[in-house]
Amino acid sequence: DTSDGSIIIGSYASSAVSNAYSTIILGGGANLVQLEDASGSAMLLGANSTTINGINANFAIGGTTNLFDFSYNSFLIGSNSNSLIGASSSFVLNSNQTMISGGSASIIRSDYVTSIDSNGGIIINSNYSSILSAGSASISIIGSIGSSIIGDTDFTDNMSGATILGGYNNIISGFTKASSIIGGYNGLMFHTGSTILGGHDLVTDAYDTVYMMNAKVSGGIYSGENSL
């Protein structure tokens, strides 16, 4: 079943219905595109069991059992069992069993990941990680396992630049602009401008402060103009 103007080539059991005028399905099978109005567009290349409901400008290459539900301007490449629900300008690459709900996010080579109401969050090589209700921009989790950045529901710009690099089971939460956790595990960040370096079970209690368990220094340590 096809809408006028849609193109389906070399695909089995695929359909473009309900205003899917600018739809192209090449290869793959068991796909469904149904759009809200005639201005919508979609493209599926070699995808299987992928469904696009609602708005427009969604694009999938390869992968299987994926869902775009009232999302737009979003891309999914080589990924399986993912859901984009009410998402915009989002990107999923070589990732499995992820979900983007609301807002926008980029998920790259990460499985079992969740992004909810993020504004440009980035998750790379970080399985079982999540960005939740973090309306600020430039938030990232890279090379970590089971880590989370958790905002509040008023979507104020209170977490810009929050970053988790490496480690596992680390959490950044609350008003935490320009904060970071680098390595280590079970770190908890609650303060703006602070950094946790390595270690484990470290919890922040002040702004603009660096936390670590131990340090070895080759050379001097300086405070202002004075060496210590």
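If you're wondering where the values come from, they're calculated on a predicted model, not measured in any experiment.
Atom OG of residue Ser144 and atom CD1 of residue Ile124 lie 12.5 Å apart, to the nearest 0.5 angstrom. The distance from the CD1 atom of Ile196 to the CE atom of Met213 is 11.5 Å, given to the nearest 0.5 Å. In this structure, CE in Met159 is found 9.0 Å from CD1 in Ile131, a value given to the nearest 0.5 Å. Between Ile141 atom CD1 and Ser129 atom OG the span is 5.0 Å, to the nearest 0.5 Å. Rounded to the nearest 0.5 angstrom, Asn80 CG and Thr65 OG1 are separated by 7.0 Å. To the nearest 0.5 angstrom, Ser81 atom OG is 14.0 Å from Met99 atom CE.
Considering only heavy atoms from C-beta on, Ile171 comes within 4.5 Å of Ile150 through its side chain. The closest side-chain heavy-atom distance from Val33 to Ile25 is below 4.5 Å. Under the 4.5 Å side-chain criterion, counting only non-hydrogen atoms from C-beta, Ser74 is in contact with Phe68. The closest side-chain heavy-atom distance from Ile108 to Ile123 is not below 4.5 Å. Annotation: side chain of Phe59 is in contact with side chain of Leu45 (closest heavy-atom distance under 4.5 Å). The shortest distance between side-chain heavy atoms of Leu44 and Leu26 does not fall below 4.5 Å. Put simply, the side chain of Ile122 does not reach to within 4.5 Å of the side chain of Ile139, judged on heavy atoms. Looking only at side-chain heavy atoms (C-beta outward), Thr51 and Asn53 come within less than 4.5 Å of each other.
A donor-acceptor contact closer than 3.5 angstrom is absent between the side chains of Thr204 and Ser194. In summary, the side chains of Asn125 and Arg109 do present a donor paired with an acceptor at a separation below 3.5 Å, with no hydrogens or angles considered. Gln97 and Asp111 are not linked by any side-chain donor-acceptor pair at a separation below 3.5 angstrom, with hydrogens and angles left out of the test. Counting only N and O atoms by type, the side chains of Ser110 and Ser95 include no donor and acceptor under 3.5 Å apart.
The aromatic rings of Tyr185 and Tyr168 sit parallel to each other, their planes meeting at less than 30°, with 60° as the upper class boundary. Note on ring orientation: taking the six-membered ring where Trp is involved, the planes of Tyr128 and Tyr112 are parallel (angle under 30°, cut-offs 30° and 60°).
Across all non-hydrogen atoms, the minimal contact from Ser104 to Ser88 is CB-O, 2.8 Å. Residues Gly184 and Asn170 approach most closely at O-ND2, 3.2 Å, considering heavy atoms. Residues His191 and Ser179 share a closest heavy-atom pair of O-CB, 3.5 Å. Shortest non-hydrogen contact noted between Tyr211 and Ala206 is OH-N, 2.9 Å. Here the closest heavy-atom approach between residue Ser71 and residue Leu84 is recorded as OG-O, 2.9 Å. Taking all atoms of both residues into account, the shortest heavy-atom contact from Asn66 to Asn82 is OD1-N, 2.9 Å.
Residue Ile52 is not grouped with residue Leu67 when hydrophobic side chains (ILVMFWY) are merged at heavy-atom distances under 4.5 angstrom, including chains of intermediate members.
The only option from Ile149, Leu202, Thr163, Ile172 that meets the side-chain contact (heavy atoms from CB on, under 4.5 Å) definition with Met189 turns out to be Ile172.
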| Step by step, would you call Leu197 with Thr195 a side-chain contact (heavy atoms from CB on, under 4.5 Å)? | CA-CA 6 Å; Leu197 294 176; Thr195 297; 3.7 Å; yes
| task | For Ile164 and Ile142, run side-chain contact (heavy atoms from CB on, under 4.5 Å): C-alpha distance rounded to whole Å, both residues' side-chain angles, the deciding distance at 0.1 Å, then the answer. | result | CA-CA 6 Å; Ile164 297 175; Ile142 301 173; over 6 Å; no
| field | Full working for side-chain contact (heavy atoms from CB on, under 4.5 Å) between Val92 and Ile100 | value | CA-CA 9 Å; Val92 179; Ile100 300 174; 3.8 Å; yes
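Other residues, nucleotides and ligands place more than 12 heavy atoms under 6.0 Å from the CD1 atom of Ile85.
Although no hydrogens or angles enter the test, the distance criterion places a donor-acceptor pair under 3.5 Å between the side chain of Thr209 and the main chain of Tyr207. Side-chain N or O atoms of Thr50 include one that pairs as donor or acceptor with a backbone N or O of Asn48 at under 3.5 Å. Judged by distance alone, with hydrogens and angles left aside, the side-chain atoms of Asn31 form a donor-acceptor pair with the main-chain N or O of Ala47 at under 3.5 Å.
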